[in-house]
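Contents: one structure, followed by commentary.
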Amino acid sequence: MKLKHLYLFVISFIIQACYSQTTVQTIDVTSYSKKIEATPKAQVLDVRTPEEYTTGHIENSDNVDWLGNSFIALTDKYDKTKPVFVYCKSGGRSLKASEKLAELGFTTIYNLDGGMLKWEAAGLTKPDTKIIGICPQEYAELLKTDKKVLVSFYAPWCAPCKKMEPYILKMQKDMANKVVIVRLNADENKTIMQELKISELPTLVLYENKAVKWQKSGFISEEDLKKQL
């Protein structure tokens with residue numbers, strides 16, 4: 001019996017020792033960029049959907065969709081002993097993908113904090129003359145009113161955005177005489193997102209006389225939002 005217990009202890013120790021060699025590090029965009037540059041033939045995985053990938057991605061990255069059915073099979077071709085860089089739109093999916101890669105035996109994993117939102121806001125994407133969504137001139141036109149203007153940047157995949165959507169839509173109607181509420185899908189309005197350097201979702205920007213009066217990133221309750229308006 002003692003030998004059996006000793007055997008189980010040794011096996012457990014070996015498993016823990018192997019797992020401890022795996023590190024998932026969530027790092028800021030500057031560190032992430034520098035580490036990629038310093039790594040020869042860096043393994044960079046974009047774990048967004050193919051549709052998201054085609055709208056813009058980190059140079060020399062591979063698209064390995066975390067939500068697809070072949071994630072594990074597709075990652076099998078990468079060298080598990082070398083660093084792997086993982087990112088998505090805002091950091092949620094990439095963290096889950098990074099944890100799975102750790103389970104699969106990858107030893108060094110770097111997850112991009114804030115994802116492509118942070119990457120684009122930092123100006124690390126190649127300049128693109130193509131306008132995606134509303135342009136700065138059109139955005140400026142939205143502010144030409146005597147009323148306050150609240151611009152809500154959101155995305156369909158953003159959990160806090162979904163939670164806030166019902167009362168923002170209700171306020172859009174109920175408070176129309178006091179404030180103009182504009183909702184902009186971040187995925188469909190990349191140009192103005194980059195122009196304003198918005199790197200988190202949801203983000204709310206309140207204008208008065210064309211000037212920014214208040215700005216908030218992250219979830220906010222209906223009660224607290226009404227206080228700002």
Side-chain angles (χ1 to χ4, degrees), residues 26 28-29 47-49 51-56 66-67 87-96 111-125 128 130-229:
T26 296
D28 64 85
V29 65
V47 298
R48 298 175 297 164
T49 64
E51 292 76 18
E52 290 175 284
Y53 183 78
T54 57
T55 65
W66 167 246
L67 300 177
Y87 73 92
C88 63
K89 183 69 174 181
S90 61
R93 283 172 288 177
S94 60
L95 179 57
K96 293 179 181 178
N111 173 49
L112 175 56
D113 185 25
M116 278 299 289
L117 286 173
K118 290 286 188 181
W119 186 270
E120 291 171 344
L124 293 172
T125 52
D128 191 349
K130 181 181 178 181
I131 301 294
I132 301 177
I134 190 172
C135 69
Q137 292 77 14
E138 292 171 323
Y139 188 82
E141 287 295 321
L142 297 175
L143 309 180
K144 291 183 178 180
T145 174
D146 294 333
K147 301 176 184 178
K148 294 178 181 178
V149 179
L150 177 69
V151 183
S152 172
F153 291 94
Y154 74 98
W157 46 263
C158 168
C161 299
K162 291 180 181 179
K163 190 174 181 180
M164 293 165 58
E165 181 177 10
Y167 57 79
I168 287 182
L169 290 175
K170 186 175 184 299
M171 291 166 64
Q172 193 175 43
K173 295 179 180 179
D174 296 346
M175 303 181 70
N177 64 328
K178 180 181 179 181
V179 58
V180 177
I181 298 180
V182 181
R183 299 179 71 243
L184 293 178
N185 186 325
D187 293 335
E188 298 174 355
N189 293 279
K190 292 183 64 177
T191 297
I192 198 64
M193 288 281 292
Q194 293 182 35
E195 179 78 14
L196 299 178
K197 298 188 183 303
I198 294 176
S199 60
E200 295 180 53
L201 293 176
T203 287
L204 300 173
V205 187
L206 180 64
Y207 295 87
E208 189 169 8
N209 297 323
K210 303 178 185 179
V212 176
K213 181 181 179 183
W214 172 80
Q215 183 166 333
K216 163 74 176 178
S217 292
F219 177 82
I220 184 172
S221 68
E222 179 179 4
E223 181 182 358
D224 288 340
L225 178 55
K226 284 182 176 179
K227 289 178 181 177
Q228 297 298 329
L229 303 179

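Everything quoted here is computed from the prediction, not taken from an experiment.
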Residues Val29, Asp113; criterion side chain to side chain contact (heavy atoms under 4.5 Å, CB included); working and verdict: CA-CA 7 Å; Val29 65; Asp113 185 25; over 6 Å; no

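- Residues Glu52 and Thr49 bring a donor and an acceptor atom of their side chains to less than 3.5 Å of each other.
- Between atom CH2 of residue Trp214 and atom CD of residue Glu208 there is a gap of 13.5 Å, rounded to the nearest 0.5 Å.
- The closest side-chain heavy-atom distance from Arg93 to Lys96 is not below 4.5 Å.
- Here Lys163 contributes atom NZ and Cys158 contributes atom SG; the two are 12.0 Å apart, rounded to the nearest 0.5 Å.
- Taking the side-chain hydrogen bond (donor to acceptor under 3.5 Å, both in side chains) definition, one finds that Thr26 meets it with Asn111, sequence neighbours left out.
- Nearest approach of Gly218 to Met164, heavy atoms of both residues: O-SD, 4.3 Å.
- When all heavy atoms of Gly91 and Cys88 are compared, the closest pair comes out as N-SG, 3.1 Å.
- In this view, Lys227 and Glu223, Asp224 satisfy the side chain to side chain contact (heavy atoms under 4.5 Å, CB included) rule, not counting sequence neighbours.
- The stretch residues 181-192 participates, sequence neighbours left out, in these side-chain hydrogen bond (donor to acceptor under 3.5 Å, both in side chains) pairs: Lys89-Asp187, Glu120-Lys190, Trp157-Asp187.
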Only pairs under 3.5 Å count here: list side-chain donor-acceptor contacts from residues 199-207, not counting sequence neighbours, and write none if there are none.
unit_1, atom_1, unit_2, atom_2, d
Ser199, OG, Lys118, NZ, 3.4
Thr203, OG1, Glu200, O, 2.6
Thr203, OG1, Ser217, OG, 2.9
Tyr207, OH, Tyr139, OH, 2.8

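- For the atom pair CD (Gln215) and CD (Gln228), the distance works out to 12.0 Å, reported to the nearest 0.5 Å.
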Considering only distance and modelled atom types, tabulate donor-acceptor pairs under 3.5 Å from the side chains of residues 141-154, sequence neighbours left out.
unit_1, atom_1, unit_2, atom_2, d
Glu141, OE2, Lys144, NZ, 2.9
Thr145, OG1, Lys147, N, 3.2
Lys147, NZ, Ala176, O, 2.8
Lys148, NZ, Leu229, O, 3.4

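- Partners of Trp66 under the ring-ring contact (aromatic ring centres under 6.0 Å, His included) rule, at least two apart in sequence or in another chain, are Phe71.
- Ile131 and Cys135 get closest at one heavy-atom pair: CG2-CB, 3.9 Å.
- We find the CG-CG distance between Asp28 and Leu112 to be 8.5 Å, quoted to the nearest 0.5 Å.
- Within the model, atoms CD of Gln172 and CE of Met175 stand 12.0 Å from one another, a figure rounded to the nearest 0.5 Å.
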